[in-house]
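Below is one structure; the comments refer to it alone.
Every chain is numbered from 1, with letters handed out A, B, ... down the list of sequences. Predicted, not measured: the structure shown is a model, and the values here were computed from it.
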Number of protein chains: 2
Amino acid sequence: MATIRDVAKLANVSTATVSRVLNNNRYVNSETKNRVNEAIEKLQYRPNDVARSLFKGNSKMIALFVPDIKNPFFPELARAVEDVTNQHNYTFILCNTDDSHEKEVTYLNALTQKSVDGFIIVSSTITEEDLHHITSPVISLDRKFSSKISSVTVNNRKGAREATAYLQSIGCKKIAHISGPQTASNTEERLKGYLDVIEHEAWFHSNYVVTGDYRFENSYEIAKQLLTNHNDIDGIFVANDLMAVGVLKAAESLNIKIPEQLSVIGFDGITIGLTTTPSLTTIQQPIYEIGSRAAQILLQLIDHPEQKVIQEELEVTLIERDSTKRKE
Amino acid sequence: MATIRDVAKLANVSTATVSRVLNNNRYVNSETKNRVNEAIEKLQYRPNDVARSLFKGNSKMIALFVPDIKNPFFPELARAVEDVTNQHNYTFILCNTDDSHEKEVTYLNALTQKSVDGFIIVSSTITEEDLHHITSPVISLDRKFSSKISSVTVNNRKGAREATAYLQSIGCKKIAHISGPQTASNTEERLKGYLDVIEHEAWFHSNYVVTGDYRFENSYEIAKQLLTNHNDIDGIFVANDLMAVGVLKAAESLNIKIPEQLSVIGFDGITIGLTTTPSLTTIQQPIYEIGSRAAQILLQLIDHPEQKVIQEELEVTLIERDSTKRKE
DNA sequence: CTATTATATGTAACCGGTTACATAACCTTT
DNA sequence: AAAGGTTATGTAACCGGTTACATATAATAG
């Protein structure tokens, strides 16, 4: 690989001048510039980003932490982040944390050693403490770690209230909730939203809430049990779409007709909800927008670290499909 | 951030000695070692990987190119690659190429400037030529670029033959094929496999083959047309699961009963096939294994660049589910 | 008892860029 | 004509590690 010194020698200038041509920042005579560019062309020279990083102290890389890219919610998020960061000539690093605090901390340290310029984090376990020694900006998604960390969130509680109220509005009498894992950041908010609506009902009992793990397989089993134990349930608000699909399949296996006997509503608005039979009613998050806003804000923070904390909250939307039935 | 010089000063040794302690490679007196470690601890010192990279000429990073992470086939692949690379203390970079040659080349160059140590590439458009100036090892998935590039593939043609023959074996008389986009690497092989079985049938006509784009939405439209134009079709081999799901939905909308009137088989074996109603019969690829083998081989090539090309072919498996019906 | 080898550590060059500082020629301005 | 500004370029320090080479002592071999 040709270095800047090779170029300098060939063009008969100093490395400083080559650097100036490359970065197009200081005075360079246009004739000299041509000579340098020719040399660059001839040698097929490409500057070494590592050397540049070392001097500059940055790397033009940003990282995204997600629990697990196999949950279809996250690829879309990742895509948004990648698209925005690419537009700004940043390289994108994806990290699956499996919701493990240890993995998160390991990644945080390893990437800091690589001078990564910023972090976008979907996590439930990271605390302000963990970020204390991290000098590059951090933005959290789905949850606010602290008032000092910027974030992009949706109003999970409001969405959950809307979902539950919708089930009531179409005539459901006994509405159950399958929640996310305790470890997940938004589980609590969605549960609260559900309880806001249902808590004061005479029939309500904590048996109507069961804890899932945001995955399909587990939800299938849980829902089967739930529906077997309580055959009066006629509506379920499920904390995410993936689990809601599990519920659809569970009902199918128990010969419970959806939406005639049971209405199901999910949360997220991922594509899979369109592919099931019946298709899935859900609370849709603006996933791509969440990711791209987060990336934009992060890049802003990288350029202006002095800037104050930005916390944005985006809106969710109810999407009616075939897994819920409106009362005539 | 503390540097190696700060540590050296505090421990009263030279930076060379600190470096030796860090890398645990040359002779260091155990007492000195303790002193250095104490200094490291006290200063919360973390070596700067960028500086190390610059000297060593490597970065401990590997990149994976996929067409689009939103296709659920790729998250699992990505996961496998990340898991393996993490075990070996490499950082994982994910790149969505959108099957665009320009994006691929841009990524290839940008990452080479960052001294990325190796590439795992799922691509149809990259040629030996494009890789000519790339000095770090490359491994291709799903397709062999050339006999000089290592690869991990499955036997697409054999799998497609199996799928088509299976439809015949359960009694389908008129079997159509929805292929992938011309731009995709495996489209051709899967089409060939289909033709191997069907080509000599008296009824066969090129109308029975239509081209999709590996995505759900488009396939839904295509399938509706296909099924409307040819109401004699009783079996479809679809080139991937995502499109096969589109076919299921299209049939549903046309009131065609699956599997009674129409049998559908996909290719890939992604989870979504379990969530549809009916669940999807498919040719399953060992996705995680493909990814982890590719990563392992790549790491091997990084450590031993002199090693000869490795080309592995893995097996696919027919998974019978509810979208195909065995004749009584 | 000398020669050789293993252990231990420091000095300084090196990786490949960037930029502060120095220098010089030329152009304006008063 | 002197002073100040603009344009143009080079020298060398710097970013923070690694390691070849030099040096010195202790241990072992012949």
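- Taking atom NZ on K9(B) and atom C1' on dT9(C), their separation rounds to 18 Å, with Å as the unit.
- Classification of the F119(A)-F65(A) ring pair by plane angle, with boundaries at 30° and 60°, yields perpendicular.
- The shortest distance between the side-chain N/O atoms of T32(A) and the OP1/OP2 oxygens of dA8(D) is not below 4.0 Å.
- Close to dT7(C), at under 4.0 Å from its OP1 or OP2, lies a side-chain N or O of Y27(B).
- Within 4.0 Å of V13(B), counting heavy atoms only, lie sugar-phosphate atoms of the nucleic acid but no base atom.
- Note on V50(A): nothing from the nucleic acid sits closer than 4.0 angstrom, heavy atoms only.
- The side chain of Y45(B) lies closest to dG17(D) when the candidates are dG17(D), dT18(C), dT9(D).
- For the helix from dC1(C)-dG30(D) to dT30(C)-dA1(D), the terminal axes (five pairs an end, C1' atoms, rotation from four pairs onto the next four) enclose an angle of 40°, given to 10 degrees.
- Of the residues near DNA chain C, N29(B) and A2(A), the one whose nearest nucleotide (by heavy atom distance) lies more toward the 5' end is N29(B).
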Worksheet, complete the sentence: B/S/- along nucleotides 19-25 of chain C (protein heavy atoms under 4.0 Å) is BB-----

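- One N or O donor and one acceptor, one from the side chain of R5(B) and one from the base of dG17(D), sit under 3.5 Å apart.
- Comparing dC15(C), dT18(D), dT9(D) by their closest approach to the side chain of L54(B) singles out dC15(C).
- By the neighbour-count criterion of 12 heavy atoms within 6.0 Å, atom CD of Q307(B) is densely surrounded, having more than that number from other residues, nucleotides or ligands.
- Rounded to an integer number of Å, the gap from L22(A) CG to dT9(D) P is 15 Å.
- With sequence neighbours excluded, the residues forming a salt bridge (charged side-chain N to carboxylate O under 4.0 Å, His left out) with E189(B) are K192(B), listed by chain and number.
- Atom P of nucleotide dG16(D) and atom CG of N58(A) are separated by 13 Å, given to the nearest angstrom.
- Annotation: the span from E82(B) atom CD to T91(B) atom OG1 amounts to 9.5 Å, rounded to 0.5 Å.
- Between the OG1 atom of T97(B) and the CD1 atom of I126(B) there is a distance of 8.0 Å, given to the nearest 0.5 Å.
- Nucleic acid contact class of N12(A) (heavy atoms, under 4.0 Å, all strands): sugar-phosphate only.
- Atom pair D49(A):CG and dC15(C):P shows a separation of 18 Å (rounding to whole Å applied).
- Residue K9(B) places its NZ atom among 12 or fewer non-hydrogen atoms of other residues, nucleotides or ligands, all under 6.0 Å distant.
- Looking at K60(B) and D49(B), their side chains never come closer than 4.5 Å, going by heavy atoms from C-beta outward.
- Comment: D98(B) engages R79(A) in a salt bridge, judged by a side-chain N to carboxylate O separation of less than 4.0 angstrom.
- No option in D6(B), L10(B), V7(B), N37(B) other than L10(B) meets the side chain to side chain contact (heavy atoms under 4.5 Å, CB included) test with K42(B).
- If you measure from atom NZ of K33(B) to atom P of dA8(C), you get 9 Å, rounded to the nearest angstrom.
- When the side-chain nitrogen and oxygen atoms of N48(B) are compared with OP1 and OP2 of dG17(D), none of them lie within a distance under 4.0 Å.
- Regarding I40(B), its CD1 atom lies at a distance of 10 Å from the P atom of dG17(D), rounded to whole Å.
- In this structure, CZ on F92(B) lies 9.5 Å from CG on D83(B), to the nearest 0.5 angstrom.
- Rounded to a whole Å, the NZ atom of K114(A) is 17 Å from the P atom of dG16(D).
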